[in-house]
A.B. asks: 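Pasting a structure below so you can have a look.
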Amino acid sequence: MTRLVPTAVLAAFFTVLAAVSASAQSIDETINGLFASSTGWFVNLIFSNFPGTTFPWIVGWLVVAATVFTVYFGLIQFRAFGHAIALVKGDYSDPNDAGEVSHFQALATALSGTVGLGNIAGVAVAVSIGGPGATFWMILAGLLGMASKFTECTLGVKYRNEYENGTVSGGPMYYLTKGFAERGIPGGRFLAIMFSIFCILGALGGGNMFQANQAHAQLTNVFGEYPGFITGVIFAGIVFAVIVGGLKSIARVTEKVVPIMGVIYVGTALIIILMNYDMIGWAFGQIFAGAFTGLGVAGGFVGALIQGFRRAAFSNEAGVGSAAIAHSAVRTKEPITEGFVSLLEPLIDTVVVCTMTALVIIITGQLMSDPDTGLYLLNEAGTAIRTVGDNSGVALTSAAFSSSISGFKYVLVLAVILFAFSTMISWSYYGLKAWTYLFGEGKGKEITFKTIFCIFVIIGASANLGPVIDFSDAAIFAMAVVNIIGLYVLMPIVRRELNSYWSRLKSGEIKKYT
Amino acid sequence: MSEKFVVGYDGSDVSKRALDFAVARAKAQGGSILIVHVLEWSPYSFLTPQEIEERHARRTEELERAETALMAPLKKTISEAGIPIDTQIKYGHVAKTLCDIAKKEGATQMVIGRDGDGGLSTRVFGSVAGSLVQVAPVPCTIVP
């Protein structure tokens, strides 16, 4: 008798599910239509081109900034690389500070916020629209981005707020206000407010909807079609349990499993690349040739460049300001040390992980080309390269991995869900920091934001990829517009810190603890 | 040269027995006691953004709690017995931290407890005893 009860409950559940599925398809469409029509203007503004060109001004904005910081700090990404590794290893950490947040922990947490779907789905989008050449520009953007990250994270630590109860809050909103005030330049408060608004949108977009959307895409890819609404509700429920219910156990498990997943992902990619070692030379040939000629992709080499830069920025978030929030709680007397550590982030995220994904897609021959001309074949709409099985986004990466190691799609679905989840947890935190900066601290205010965040998980899983990816990119790049203005104004402060620290390091005043 | 005992202490029954043992020896030989409480901690563990934000506050709390709940009562009773006593609270890998302190403070002996019956805390403490036996820089007594 008692066994009948769960069976009856299950039966009822499936009846309800079936009914929900039928109507959910139309719910999906309604959400999608509403979403696309309400965010279109914002997307158009951010992605408008330089007058008379097809080059989006925002991409230029990010690359110019990264280049300026690279030159201004004298190729800091290469100069300080060894020192950054030593800092992460803990060579310069005072043993008496044990028990505080270490450089390694700050880096690992920031990385679990950035290593996510951008590395899996974003790269697939970049190479399918921009061709293999996009990889070259992506790597270059990653290397330059290290200098942007260095600048913002140093400022994040330097101008953080330390409260009496010992907690810390940092990020662009704090260095924009305090740093501008220190230099006697007006407008800091205004920029901080703008940044906070965009950060909330970015948290809801790239940090949330894009993740939910691609997690759902991967689930349907493996387990068959079903309404996104259902994935959304389940995801939202778990996220709610963690960020509102304080279910730390789930977050803790994710934080531990995500790095392992990252290693498995890169390891598998390496195995596939080595299995096709005879193709490595050819793949790099495609990447270099495509970088400067486009090899027939839509928009030619400019198309490759735009896609490469755009996906790199979306993936490693250099110049966006989010990392400055994540890194600001580290325990250090020298803010600059966290800058050094943070420059490893774009390197790991973009130069290593993203490149792996791109190489696997190229080497396994997912992109279809004309055997006679060597140029890539475009799809019917002429917007992207035709792929084997017409895949895009995360499905393309999944197909590439599975073509060499069948069954890897099941590992990938787990990776995607975990990456999506850890990115959501990180961005819910960034969004919350921006929210409390605008509206003040307080339990009720925090719960309001967290609830909105969960609702957007459902919207993200239900909407189509197109409008979601556009809005996500637009919101995150809007953060970069404000943040980089701040970085230009405050970069002399970072250089002063750098010169002082570097001379003390060289003179032996700053020593290793052994 | 007078004996200096480093005692690993975490408030458990076994660690109390270890401390009693060390106190008795110190009294007989005219030595001093250094009680060390190590909070297990790795700088390479993974934390959520929320935990990172609160870490400094938590650490302060943990240190205060260890001082008032564990160390303060001991200091009182043992110094009343006329034995010179000092205490330290540290974060880190338990066995490694104990060894580092023993070396740094010039201890002549280490004493820790061991509980042979396999609960969770015992497992942790037992493995500490196991590794100390292998790496201790000074003679090490393990009290059952």
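Numbers restart at 1 for each chain; the letters A, B, ... are given by sequence-line order, proteins then strands.
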A.B. asks: Counting only non-hydrogen atoms closer than 4.5 Å, does L39(B) touch chain A with its backbone (N, CA, C, O), its side chain (CB onward), both, or neither?
C.D. replies: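 The answer is neither part of L39(B).
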
A.B. asks: Is it the side chain or the backbone of E62(B) that comes within 4.5 Å of chain A heavy atoms, both, or neither?
C.D. replies: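 Contact with chain A is absent: no heavy atom of E62(B) under 4.5 Å.
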
A.B. asks: For the candidates G90(A), A326(A), P259(A), which exhibits the highest count of non-hydrogen atom pairs separated by less than 4.5 Å from chain B?
C.D. replies: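 Looking at each option in turn, the highest pair count goes to P259(A).
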
A.B. asks: Minimum heavy-atom separation for P43(B) to S102(A), with atom names?
C.D. replies: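 Closest approach of P43(B) to S102(A), heavy atoms only: O-OG, 2.6 Å.
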
A.B. asks: Check whether V258(A) gets within reach of chain B through its side chain, its backbone, both or neither, counting any heavy atom under 4.5 Å.
C.D. replies: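 Contact with chain B is absent: no heavy atom of V258(A) under 4.5 Å.
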
A.B. asks: Quick one: does any side-chain atom of R59(B) pair with a main-chain N or O of A98(A) as donor and acceptor, under 3.5 Å?
C.D. replies: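 The answer is yes, because a donor-acceptor pair under 3.5 Å joins these two groups.
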
A.B. asks: Pick one of side chain, backbone, both or neither for S42(B), based on which atoms fall under 4.5 Å of a heavy atom in chain A.
C.D. replies: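 Only the backbone of S42(B) comes within 4.5 Å of chain A.
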
A.B. asks: What option among E53(B), R55(B), E54(B) has the most heavy-atom pairs under 4.5 Å with chain A?
C.D. replies: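 Looking at each of E53(B), R55(B), E54(B) in turn, E53(B) comes out on top.
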
A.B. asks: Considering only heavy atoms, which portion of P95(A) lies under 4.5 Å from any heavy atom of chain B: side chain, backbone, both, or neither?
C.D. replies: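 No part of it gets close to chain B.
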
A.B. asks: Checking an interface table here. Which of residues 426-438 of chain A come within a heavy-atom distance under 4.5 Å of chain B?
C.D. replies: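 When heavy atoms of chain B are the reference, residues 426-438 of chain A contributes S426(A), Y429(A), K433(A) within the under-4.5 Å range.
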
A.B. asks: Can you tell which part of S45(B) gets under 4.5 Å to a heavy atom of chain A, answering side chain, backbone, both or neither?
C.D. replies: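 Both backbone and side chain.
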
A.B. asks: Closest heavy-atom contact between I52(B) and V101(A)?
C.D. replies: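 So the minimum-distance heavy-atom pair works out to O-CG2, 3.6 Å.
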
A.B. asks: Is it the side chain or the backbone of D97(A) that comes within 4.5 Å of chain B heavy atoms, both, or neither?
C.D. replies: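 The backbone, not the side chain.
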
